[in-house]
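Just below is one structure, and these are the notes that go with it.
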Amino acid sequence: MIFFENEIKKLGFGLMRLPRLGEGFDMEQIKQMVDRFMEAGFTYFDTAWAYTGSEDAIRQALVERYPRESFQLATKNAAWIKCQSREDAAAQFETSLAQTGAGYFDNYLLHNLGEHRTHFFDDFDMWEFVREKKAEGKIKHYGFSFHSNAEELDEILTKHPDAEFVQLQINYADWEDGSIQSRRVYETARKHGKPVIVMEPLKGGLLATPPESVAEVLQNAEPELSAASWGIRFAADLEGVLAVLSGMSTLEQMEDNISYMKDFAGMTEGERATVEKAREALAAIPLIPCTACNYCAKVCPMEIGVSGTFTAKNVYTLYGNLKVAAGRERWLVEGHGRKHASECIKCGACEEVCPQHINIRDELEKAAELFKKED
């Protein structure tokens, strides 16, 4: 499948974490970043209707300043956010066209399929909608971004074989993770013959400043390269990857990414071995051994989000970033209709069914105390 008339370089500019200035965006810095990105030969930009202000910012920094054919722009439709009908969901597309001023989208994604969000796109017949917009020339290619497990991805791709690509969370930290399943979802997409666009190659920026034991492995291998370079290159090295999105927030981050991606031709065997050592160093850090089997969820009378809480606490243990970990906890617990650790009544039903024999009550108490600090 030919996506773009000219082959694109694999680094994509993710527009979810644009630099801020006061209450708004730092438009001058964004314009400088766009100019530097284009000057280096990179042309793929990724925004979304749900990224407040991002579509308008890229209109000012890119669309109004460069010929339309000189870049590729992707945006996304979140039919599960405040939509009651197909008309509501379709209105997001028209809003995106107006906010970007792009005229058409090179890639249009159904945004964040997985779990309770998937059915909205079927209920509102958004698959037919994107086919119609492609026929009208308003979309060149359509696909979807995805956050769930390999089994659900297989179901979606089997049901919707016309999806032209998939955007997946892939990074070396999550490659063998039993919950995020980076490797398994990647392999599922490739089994269906779908090209992949990578999001979160640095796990929301956490792998740019990894734990000391991981950083040591990377620095010993190639002292001149940043920790971030290993995450970006790991993802770009995978077969079938169209682009790796980096949510760059500063011109310095962009310069760093450009330095190792401008002439990227793949990783060496030695570099791949270094990434594996880094992954082993991460795995050696003691964590709550939760596999997200969710047997506990089936018996908890309070509907506590046990596995989500433990995933978030493990993020804090690994990276020491309470703000990020607390945000992850809110999404994985509240965002999935569960209750917080502080509401545990310590009945012990969860511990009776836990295959990993975790002292769940004690760990929930520690988590409640930790995340209380971020409230």
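With Lys313 contributing its side chain and Ala367 its backbone, the two residues share no donor-acceptor pair below 3.5 Å. Remark: the backbone N or O of Met267 is paired with a side-chain donor or acceptor of Asp237 at under 3.5 angstrom. Formation of a donor-acceptor pair under 3.5 Å by the Lys191 side chain with backbone atoms of Tyr186 is not found in this model.
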Step-by-step salt bridge (Lys or Arg N to Asp or Glu O under 4.0 Å) determination, Lys298 to Glu352: CA-CA 12 Å; Lys298 297 174 183 176; Glu352 293 177 10; over 6 Å; no

Glu187/Arg190 under salt bridge (Lys or Arg N to Asp or Glu O under 4.0 Å): CA gap, chis, key distance, verdict: CA-CA 5 Å; Glu187 290 174 350; Arg190 298 304 295 151; over 6 Å; no

Ring pair (Phe, Tyr, Trp, His ring centres under 6.0 Å) between Phe93 and Trp49, worked out: CA-CA 8 Å; Phe93 179 83; Trp49 172 87; over 10 Å; no

Residues Glu369, Lys372; criterion salt bridge (Lys or Arg N to Asp or Glu O under 4.0 Å); working and verdict: CA-CA 5 Å; Glu369 189 64 30; Lys372 184 171 68 174; 3.4 Å; yes

Working for salt bridge (Lys or Arg N to Asp or Glu O under 4.0 Å), residues Arg183 and Asp177: CA-CA 8 Å; Arg183 177 180 59 78; Asp177 184 272; over 6 Å; no

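Glu269 and Arg272 are joined by a salt bridge, as a carboxylate oxygen and a charged side-chain nitrogen come within less than 4.0 angstrom of each other. Between Arg59 and Glu64 a salt bridge is recorded (basic side-chain N to carboxylate O distance below 4.0 Å). Remark: Arg184 does not engage Glu176 in a salt bridge, criterion side-chain N to carboxylate O under 4.0 Å. We find that Glu271 and Arg233 are joined by a salt bridge, their nearest charged nitrogen and carboxylate oxygen being less than 4.0 Å apart. Between Lys134 and Glu164 there is a salt bridge, with a side-chain nitrogen of the basic residue lying less than 4.0 Å from a carboxylate oxygen of the acidic one. Lys133 and Glu136 are joined by a salt bridge, as a carboxylate oxygen and a charged side-chain nitrogen come within less than 4.0 angstrom of each other. Salt-bridge check for Glu329 with Lys339: failed, with every basic side-chain N at 4.0 Å or more from each acidic carboxylate O. Under the 4.0 Å criterion applied to side-chain N and carboxylate O atoms, Glu39 and Arg36 are assigned as salt-bridge partners.
One hydrophobic cluster, built from ILVMFWY side chains closer than 4.5 Å, cannot hold both Met199 and Tyr108; they sit in different ones. Hydrophobic clustering (side-chain heavy atoms under 4.5 Å, transitive across Ile, Leu, Val, Met, Phe, Trp, Tyr) keeps Leu113 apart from Leu245. At a threshold of 4.5 Å between side-chain heavy atoms, the hydrophobic network of Ile, Leu, Val, Met, Phe, Trp and Tyr places Phe45 and Ile197 in two separate groups. Phe13 is connected to Val241 through a chain of hydrophobic side-chain contacts under 4.5 Å among Ile, Leu, Val, Met, Phe, Trp and Tyr, so both are in one cluster. Cluster annotation: Phe264 is not connected to Ile8 through the hydrophobic network of ILVMFWY side chains, with a link wherever side-chain heavy atoms come within less than 4.5 Å.
The aromatic rings of Phe124 and Phe120 sit tilted relative to each other, their planes meeting at an angle between 30° and 60°. Ring-plane geometry between Trp175 and Phe234 is classed as perpendicular, the angle between the planes exceeding 60 degrees on a 0 to 90 degree scale with a lower cut at 30. Using the six-membered ring where Trp is involved, His116 and Trp331 have ring planes that are tilted, between 30° and 60° apart.
Across all non-hydrogen atoms, the minimal contact from Pro210 to Ala227 is CD-CB, 3.6 Å. Residue Ala61 comes nearest to Val34 through the heavy atom pair O-CG1, 3.6 Å, listed as atom of the first residue, atom of the second, then distance. Nearest heavy atoms, Asp122 versus His160: OD1-NE2, 2.9 Å. Listed here is the closest heavy atom pair of Lys76 and Thr47: NZ-O, 2.7 Å.
The cationic atom of Arg86 (NZ for Lys, CZ for Arg) does not lie both less than 6.0 Å from the six-membered ring centre of Phe129 and within 45° of the ring axis. Cation-pi geometry between Arg131 and Trp127 is not satisfied (NZ or CZ under 6.0 Å from the ring centre, within 45° of the ring normal). Within the cation-pi definition used here (under 6.0 Å to the ring centroid, within 45° of the axis), Arg68 qualifies as a partner of Tyr104.
No hydrogens or angles considered: a donor-acceptor pair under 3.5 Å links the side chains of Asp35 and Tyr66. Between the side chains of His357 and Glu351, not a single donor N or O lies within less than 3.5 Å of an accepting N or O. For the residue pair Asn359 and Glu363, no side-chain donor N or O sits within less than 3.5 Å of a side-chain acceptor on the partner. Of the N and O atoms on the side chains of Tyr142 and Asn107, not one donor lies less than 3.5 Å from an acceptor on the other residue. With no hydrogens or angles considered, a side-chain donor-acceptor pair links Thr75 and Glu55 at under 3.5 Å. A donor and an acceptor atom, one from each side chain of Asp174 and Gln169, are located under 3.5 Å apart. Residues Thr118 and Glu152 bring a donor and an acceptor atom of their side chains to less than 3.5 Å of each other. Inspection of the Ser145 and Asn112 side chains reveals no N or O donor paired with an N or O acceptor under 3.5 Å. Using modelled atom types, one finds no donor on one side chain facing an acceptor on the other under 3.5 Å when comparing Thr188 with Asp154.
Around CD of Glu128, the count of heavy atoms belonging to other residues, nucleotides or ligands within 6.0 Å exceeds 12.
One finds the OG atom of Ser307 at 11.0 Å from the CD1 atom of Ile288 (value rounded to the nearest 0.5 Å). Atoms CD1 and OG, on Ile180 and Ser148 in that order, are 11.0 Å from each other to the nearest 0.5 Å. Considering OG1 of Thr317 and CD1 of Ile285, their distance stands at 9.0 Å, rounded to 0.5 Å.
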